[in-house]
Amino acid sequence: MNIFENYSDKIRKILFELSEINELILPEKLNGITTEIPPSKFNSDISTNVAMVLSKINKISPMDLAKTLSDKIKKSDKLIEEISIVNPGFINIKFKPIFWTKFIEEVNLNFNTFGINSNKKKKNYLVEFVSANPTGPLHVGHCRGAILGDVISNILLFNKHNVTKEYYVNDYGNQIINFTKSVYFRIREISFNEPFPVNNGDLYPGDYIIDIAHNIIKSKKNIDFKNFENISEQLTILSVEESLKLIKKNLYSIGIKHDNFISEKNLVLNDEVKKVINHLKKYNYVYKGKIKAPKGEDNKNWIEREQLLFKSTEFGDDKDRVLKKSDGSWTYFASDVAYHKNKLDRNFDCLINILGADHAGYIKRISSSVDALSNTKGKLICKVSQLVKLIKNKKPFKMSKRKGDYITLEDLINEVGKDATRFIMLNRSSDVELDFDFDNVIEKSKDNPLYYVQYCYARICSVFRLIDKDIKKEVKVTKYDFEYSNDEIKILKKISEWPKCIEMSSNRLEPHRIPTYLYELASLFHSYWNLGKENQKKRFINENKEISDDKLVLLKVISSLINSGMSIIGVSTPEKM
RNA sequence: GCGUCUGUAGCUCAACUGGAUAGAGCGCUUGGCUACGGACCAGGAGGUUCUGGGUUCAAAUCCUAGCAGACGCACCA
């Protein structure tokens, strides 16, 4: 039930009819004709720009064309109360109250499909997100991208697409060697009382390494930890396993569960990297050459060498990219190309990568490789989440990896909680930096939009408790023969915008529209609730603890919508607060 | 020097992707509680949408030239 789509279709139909009897000229493609929500001051329900779009080709003024079209529209529809034409040529439609009764009837009877964009083709999506190095637990910096990826997946799932959520495990390369060494030195510290080399900048200083060391010692008593070379391979596997345990626990605590964890190391061991590079060689995208130093930087230490390069410049990148290190091992980029080939071979229609702002410079090269491999453009969509500015005690809080001075995700959840973290992180567009003020987020008050929305749901629950009805059960109304008041129609109009909200969130991969929408809905509800304070008649329940059908079904739909929206963003709706 | 993102009310941000007189929260200010849960509501003040030019019926939005901020720019992943 998408009233904007319905009326868009109706208007198109009228246009085609007029065009057939030569009363209207249509362009080859009907682009740019929209049905929209008019600004509230116009006292109308839906508006269209059709007259302005078609005026030029028909050589009529928009206002005159609007007049002709609005007459036709009004004639074709009994549910329209009034149509007005407003400069410079908008057509504004106002519905009779009965329209909204029919609307809520349909929504209530088919709530499980309400909001779903059913006209879209069902697709297979792969969403890769988090993919943090398996060298320790997640910290606050990973949090926004993690939630963003999760909710984008949820929106696609809500629209009945197939979605695979994937985590790429970078268990290959120098960072992992340093990490394993750090675990090794901690083991020697514990078992042989040797001091941990504090001044070695390559090693990871964090205390969690000690825990990992303890766990490994406990579980593998038969390993001889005296010689690193002998056990490094085994120790790497064990350390990464321990690390992933921590990461999965962190993810679970913010309500995220990936379908797959793909190992970079396995891609290398299965020769997938070698294969993909041979594949690219065939198409002449790989060559040996040198890269010039960038301008404007301190380039004294720059060494130009002959390297194996990928021609990403052919696909819009600013320089070609290195595939093989001088020690003969693959670069991160090379195995990532293999990983993306692996994704493509699994026949997804669309690949989505969620990246942090600090990796935005990586987008061109990886999408170049996907373009080259898939022989099309735009199969990979990269979504960047901007940085989160942490504010504690009204001051920016800087994290420093070297000192081990950073806030882990576990700290964050313990202090703030899953719901508040998710809601606040999602409440802003991912394109803008986010202020995350600890004191503010914890506050259970008016400053916090999360509680504002949850409170709306809890209030409706309290009404259902008083009339002894189960909020989760369907509400059945025998006759939809009532009319809603203007206060109620305001809410119904907002409800009718829900499919539009989902559509935009889904098309542009912009989850922040959902918390914004829920906030607006909650706001209208709170106003509505307060009407009952001044006027007893406007209360939901009368003295005999009875509720009328119109109010019952309205409350039911609002609560279901809040519940449904909150479940998309992964936030709970408590019945009591 | 180059690339990506951002610039909207005192502050934090929306704005249906080109729509109408640019909207919310906080803060400021005036009012409403022995309550269907005040974690709420009603009203007021507050704007040259960073600047200049362009595109058209229409620009915060698109193009262009600048200014300012954030992030990134080798074999670290």
Side-chain angles (χ1 to χ4, degrees), chain A residues 4 32 34 36-42 47 49 52-53 55-56 61-62 86-90 92 131-133 135 170 172-176 178 264 291 293-297 299 301-305 307 317-319 321-327 329-333 335-336 356-364 384 386-387 389 427-435 437 440 443-449 451-452 454-456 458-459 462-463 465-467 497 500-501 503-504 507-508 512-513 516 519-520 523 526-534 536 539-542 545 547 576-577:
Chain A
F4 297 94
T34 55
E36 295 173 57
I37 307 150
S40 53
K41 58 204 158 201
F42 288 109
S47 90
N49 63 353
M52 289 176 293
V53 177
S55 75
K56 199 170 188 179
S61 80
V86 181
N87 261 320
F90 286 100
N92 288 348
S131 298
N133 284 350
T135 55
N170 307 127
Y172 172 83
N174 290 328
Q175 294 297 337
I176 287 300
N178 292 336
E264 179 184 5
I291 287 191
K295 282 176 189 169
E297 260 198 29
N299 295 324
N301 302 325
W302 189 272
I303 305 160
E304 255 185 41
R305 349 182 146 76
Q307 289 165 304
D317 201 358
D318 11 296
K319 52 178 124 179
R321 301 294 171 174
V322 179
L323 294 166
K324 210 171 209 176
K325 300 183 201 172
S326 55
D327 68 1
S329 63
W330 300 111
T331 59
Y332 171 80
F333 175 62
S335 49
D336 206 18
D358 51 342
H359 288 81
Y362 189 74
I363 293 175
K364 272 188 186 167
V384 174
Q386 292 300 318
L387 295 181
K389 265 192 284 180
N427 202 22
R428 302 291 182 219
S429 155
S430 55
D431 287 338
V432 304
E433 280 187 21
L434 182 90
D435 281 359
D437 186 332
N440 216 327
E443 203 178 332
K444 299 200 171 186
S445 79
K446 55 191 173 175
D447 288 9
N448 196 325
Y451 296 107
Y452 189 82
Q454 286 183 328
Y455 188 45
C456 168
R459 272 182 152 174
S462 81
V463 173
R465 267 198 303 278
L466 282 170
I467 56 174
E497 292 168 22
K500 223 174 185 181
C501 173
E503 189 181 4
M504 285 188 290
N507 287 349
R508 306 290 303 179
H512 74 276
R513 291 169 188 280
T516 305
Y519 186 90
E520 287 164 359
S523 174
H526 287 309
S527 302
Y528 181 46
W529 175 284
N530 273 60
L531 292 175
K533 301 202 163 174
E534 288 167 21
Q536 284 281 335
R539 296 193 166 202
F540 304 132
I541 306 172
N542 66 18
K545 299 215 165 179
I547 188 168
K576 284 182 181 173
M577 293 170 69

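The shown structure was predicted, so the numbers you read here are calculated from the model rather than taken from an experiment. Below, read A as the first sequence line, B as the second, and so on, with proteins coming before strands; counting in each chain starts at 1.
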Pairwise side-chain contact, A:V384 with A:Q386, heavy-atom cut-off 4.5 Å (strictly under): yes

A:Y362 OH to B:rA77 P, straight-line distance once rounded to whole Å: 11 Å

Under 4.0 angstrom between A:H512 side-chain N/O and B:rA15 OP1 or OP2: yes

Under 3.5 Å donor-acceptor pair, A:R428 side-chain atoms to B:rU6 base atoms: no

Listed nucleotide nearest any side-chain atom of A:F90, set B:rA20, B:rA39, B:rC41: B:rA20

Length of the line joining A:Y332:OH and B:rC76:P, which is rounded to integer Å: 13 Å

Atom pair CG/CG of A:D327 and A:N174 - distance to nearest 0.5 Å: 7.0 Å

Any donor-acceptor N/O pair under 3.5 Å between B:rA24 base and A:T516 side chain: no

Any A:W529 side-chain nitrogen or oxygen under 4.0 Å from OP1 or OP2 of B:rG37: no

Sugar-phosphate only, base, or nothing, as touched by A:A132 at under 4.0 Å among non-hydrogen atoms: nothing

Separation of atom CD in A:Q454 from atom P in B:rC40, rounded to whole Å: 13 Å

Atom-pair distance (NZ on A:K364; P on B:rG72), nearest Å: 17 Å

For A:F4, all residues meeting ring pair (Phe, Tyr, Trp, His ring centres under 6.0 Å), sequence neighbours excluded: none

Sugar-phosphate only, base, or nothing, as touched by A:P39 at under 4.0 Å among non-hydrogen atoms: base

Sugar-phosphate, base or nothing in reach of A:F42, heavy atoms under 4.0 Å: base

Under-4.0 Å side-chain N/O to phosphate OP1/OP2 contact, A:R459 with B:rG38: yes

Nearest to side-chain heavy atoms of A:M504, which nucleotide of B:rC57, B:rC16, B:rG3: B:rC16

Check: B:rC40 base within 3.5 Å donor-acceptor of A:N530 side chain: yes

Sidechain-backbone polar pair: A:H526 side chain, A:Y455 backbone, donor-acceptor under 3.5 Å: no

OP1 or OP2 of B:rG31 under 4.0 Å from side-chain N/O of A:K533: no

Residue-phosphate contact under 4.0 Å: A:K576 side-chain N/O, B:rG37 OP1/OP2: no

N or O in side chain of A:R513 less than 4.0 angstrom from B:rA15 OP1/OP2: yes

Flag, side chain of A:D318 to backbone of A:K364, donor-acceptor distance under 3.5 Å: no

Proximal nucleotide (of B:rC16, B:rG25, B:rA39) relative to the A:Y519 side chain: B:rG25

Under-4.0 Å side-chain N/O to phosphate OP1/OP2 contact, A:K325 with B:rA77: yes

Whole-Å distance separating the CD atom of A:E264 from the P atom of B:rA77: 8 Å

Given B:rC16, B:rU4, B:rA77, the nucleotide with the shortest approach to the side chain of A:K500: B:rC16

B:rC36 OP1/OP2 closer than 4.0 Å to side-chain N/O of A:S462: no

Distance in angstrom units between A:M52 CE and B:rA20 P, rounded: 10 Å

Short side-chain N/O contact to B:rC41 OP1/OP2 from A:Y452, under 4.0 Å: yes

Spacing between A:L531 atom CG and B:rG32 atom P, to the nearest angstrom: 18 Å

Side chain of A:D358 - closest among B:rC16, B:rG19, B:rG72: B:rG72

Nearest-nucleotide pick for A:A458, side chain only, options being B:rG37, B:rC57, B:rA77: B:rG37

